[in-house]
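What follows is a set of notes on a single structure, which appears directly below.
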Amino acid sequence: MEEATICNTGNSVGMSLDERFAIMRSIGLESSDEDDVRRLLDKKVAPVCYVWCDLSPSVHIAQGIMMVINVRKMVKAGCIVKILIADWFACIQNKFDGDLTKIRSIGFYMIEIWKAVGLELNGVEFIWLSDEINGHSDEYWALVMDISRNNTLRTMIRCCGIEDPYILNEDLIDSLDSYDPIDVTASTLFTPCVHCACILFQKADIWLLSMDHEEDLHDKLIRQYCKGMELENRPIILPHNKLPNLIEHPEFAKNGDPSWAIFMEDREVNLSDKLSKAFCPAKVVEGNPCMEYIKYIVFPWFGYFEVLREEEKGGSRTFQNMEELITDYESGALHAAEVKLALTEALSKILKPVHDHFAKNCEAKNLEEAMLVRL
């Protein structure tokens, strides 16, 4: 397999509406907003697309690779892309001790990863959420309060994913023999309003949210809040694809087990170990995490998936699309062990330029070493 480069050609110049829409459609799942996306592309030559970036000193491959793939698609479709680094949001959630300096260093580290991956920095703009809110605090907090006035406490609880049927009913609690309440702070319940305001505040045409965002956040808050707004003022939320857990039964895994996913920091030995243990049922594609990684990482990156085999085992095979791979895998012509080895090789080639960059660039290396302290 050749040196890893994103499979990406051309730009929006001379592209038809159908072609631009097909590119945007390929970013994610079917959405009730698809007609709105098409109308937007027809109306605007260069829609403004925001990408939400949650900060982490250990960068999931979805944030490091899938995001870059999606940003490239947006740029190709003619969009103006702005990556919002959610430093302020991490600060108010008291992540990394709530130290904005530490949090910002993580943001710079992630930018360094995207540079190493090959993201064209002249095609995107990086925006720090803390700068945006501090510069327009009166407008932002007015929006937060307006969102909170238009939603109930019960909605906030659902958006926070709190599963406690008694939290709003003290009479039921009194009738129970025993009750172990969930410890929920008031700030936790207020967070969805703060988060929702961060999204609406930017006046974006399209939002690509983080892989960790819950559907309730935009379905229950943004959509409901925007019902009274003019259609052109409501941002379109693209529900993009997400990578599954590599572990078959994650509920039984040890807390903090890194085997659940691939991270940008993983070296070849880590990849080999994780993928050798990954759930990959023979002849089954649906619900197979290895197949999902190939579909959303390898094919968009290389444009093909290569399996190297000895001649007596059928010889090497280069799959040009997912359909060819599925046919061979479901028939048993391609074995799970072969898929895992080929996936390890492909991911190693994708991540190698990143590891080389941090090994050779002193500034990048210092950032990487600082991240080890944050973990």
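Here the structure is a predicted model, which means the values were calculated and not measured.
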Counting only N and O atoms by type, is there a donor-acceptor contact under 3.5 Å from the side chain of [X] to the main-chain atoms of [Y]?
{"X": "Glu324", "Y": "Gln320", "value": "yes"}
{"X": "Asn361", "Y": "His357", "value": "no"}
{"X": "Asp87", "Y": "Ser130", "value": "yes"}
{"X": "Asn321", "Y": "Glu323", "value": "yes"}
{"X": "Thr152", "Y": "Thr155", "value": "yes"}
{"X": "Asp205", "Y": "Ile236", "value": "no"}
{"X": "Arg20", "Y": "Val45", "value": "yes"}
{"X": "Asp266", "Y": "Phe263", "value": "yes"}
{"X": "Lys274", "Y": "Trp260", "value": "no"}
{"X": "Trp88", "Y": "Leu100", "value": "no"}

- Task: Start with the C-alpha distance between Ile69 and Tyr296, add both sets of side-chain angles, then the distance that settles side chain to side chain contact (heavy atoms under 4.5 Å, CB included), and finish with yes or no.
- Result: CA-CA 9 Å; Ile69 291 170; Tyr296 297 122; over 6 Å; no
Taking all non-hydrogen atoms of both residues, which atom of [X] and which atom of [Y] are closest, and how far apart?
{"X": "Tyr329", "Y": "His335", "answer": "CE1-C, 4.0 Å"}
{"X": "Gly287", "Y": "Pro289", "answer": "O-CD, 3.3 Å"}
{"X": "Cys290", "Y": "Ala278", "answer": "SG-CB, 3.9 Å"}
{"X": "Cys91", "Y": "Gly98", "answer": "SG-O, 3.2 Å"}
{"X": "Ser26", "Y": "Asn241", "answer": "O-ND2, 4.3 Å"}
{"X": "Leu271", "Y": "Ser348", "answer": "CD1-OG, 3.4 Å"}

Query - With Leu119, the side chain to side chain contact (heavy atoms under 4.5 Å, CB included) member among Ile83, Ile113, Val81 - result: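 That would be Ile83; it is the only one of Ile83, Ile113, Val81 passing the side chain to side chain contact (heavy atoms under 4.5 Å, CB included) with Leu119.
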Which residue in the set Leu246, Val339, Val298 passes side chain to side chain contact (heavy atoms under 4.5 Å, CB included) when paired with Tyr293?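 In the set Leu246, Val339, Val298, the residue that makes a side chain to side chain contact (heavy atoms under 4.5 Å, CB included) with Tyr293 is Leu246.
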So do the side chains of [X] and [Y] get within less than 4.5 Å of each other, counting heavy atoms only?
{"X": "Val51", "Y": "Met67", "result": "yes"}
{"X": "Ile61", "Y": "Met264", "result": "yes"}
{"X": "Asp18", "Y": "Phe21", "result": "no"}
{"X": "Leu243", "Y": "His60", "result": "yes"}
{"X": "Phe190", "Y": "Ser148", "result": "yes"}
{"X": "Ile262", "Y": "Ile297", "result": "no"}
{"X": "Gln63", "Y": "Ser56", "result": "no"}
{"X": "Glu265", "Y": "Ser58", "result": "yes"}

From the list Tyr140, Trp207, Tyr50, ring-ring contact (aromatic ring centres under 6.0 Å, His included) with Phe201 holds only for Tyr140
Output yes when [X] and [Y] qualify as a salt bridge under the 4.0 Å nitrogen-oxygen rule, no when they do not.
{"X": "Glu34", "Y": "Arg38", "result": "no"}
{"X": "Glu363", "Y": "Lys115", "result": "no"}
{"X": "Glu120", "Y": "Arg72", "result": "yes"}

Between [atom1] on residue [X] and [atom2] on residue [Y], distance to nearest 0.5 Å:
{"X": "Lys73", "Y": "Leu208", "atom1": "NZ", "atom2": "CG", "answer": "10.5 Å"}
{"X": "Cys198", "Y": "Leu129", "atom1": "SG", "atom2": "CG", "answer": "4.5 Å"}
{"X": "Ser272", "Y": "Leu341", "atom1": "OG", "atom2": "CG", "answer": "7.5 Å"}
{"X": "Leu41", "Y": "Asp36", "atom1": "CG", "atom2": "CG", "answer": "11.0 Å"}
{"X": "Asn70", "Y": "Ile27", "atom1": "CG", "atom2": "CD1", "answer": "5.0 Å"}
{"X": "Glu345", "Y": "Ile350", "atom1": "CD", "atom2": "CD1", "answer": "10.5 Å"}

Flag if over 12 foreign heavy atoms under 6.0 Å of [atom1], [X]:
{"X": "Lys340", "atom1": "NZ", "result": "yes"}
{"X": "Glu268", "atom1": "CD", "result": "no"}
{"X": "Lys360", "atom1": "NZ", "result": "no"}

Starting from [Y], can I reach [X] by hopping between I/L/V/M/F/W/Y residues whose side chains sit under 4.5 Å apart?
{"X": "Met322", "Y": "Val284", "value": "no"}
{"X": "Leu121", "Y": "Val354", "value": "yes"}
{"X": "Leu347", "Y": "Phe279", "value": "no"}

**Report entry** Audit row: Lys277, Asp273, salt bridge (Lys or Arg N to Asp or Glu O under 4.0 Å) steps and yes/no
**Finding:** CA-CA 7 Å; Lys277 299 174 183 175; Asp273 180 60; 3.4 Å; yes
Using the side chain to side chain contact (heavy atoms under 4.5 Å, CB included) rule, take Arg317 and Leu334 through it: C-alpha gap first, then chi angles, then the decisive distance, then the call. CA-CA 10 Å; Arg317 176 75 191 275; Leu334 187 63; over 6 Å; no
message = Before you tell me yes or no, could you show the steps for Val37 and Arg25 under side chain to side chain contact (heavy atoms under 4.5 Å, CB included), namely the whole-Å CA-CA distance, both residues' side-chain angles and the distance that decides it to 0.1 Å?
response = CA-CA 9 Å; Val37 172; Arg25 173 67 186 81; over 6 Å; no
Item checked: Between Asp257 and Ser259: side-chain donor-acceptor atoms closer than 3.5 Å -> yes
Q. What's the verdict on side chain to side chain contact (heavy atoms under 4.5 Å, CB included) for Phe96 and Ser105, showing C-alpha distance, side-chain angles and the deciding distance?
A. CA-CA 11 Å; Phe96 315 108; Ser105 70; over 6 Å; no
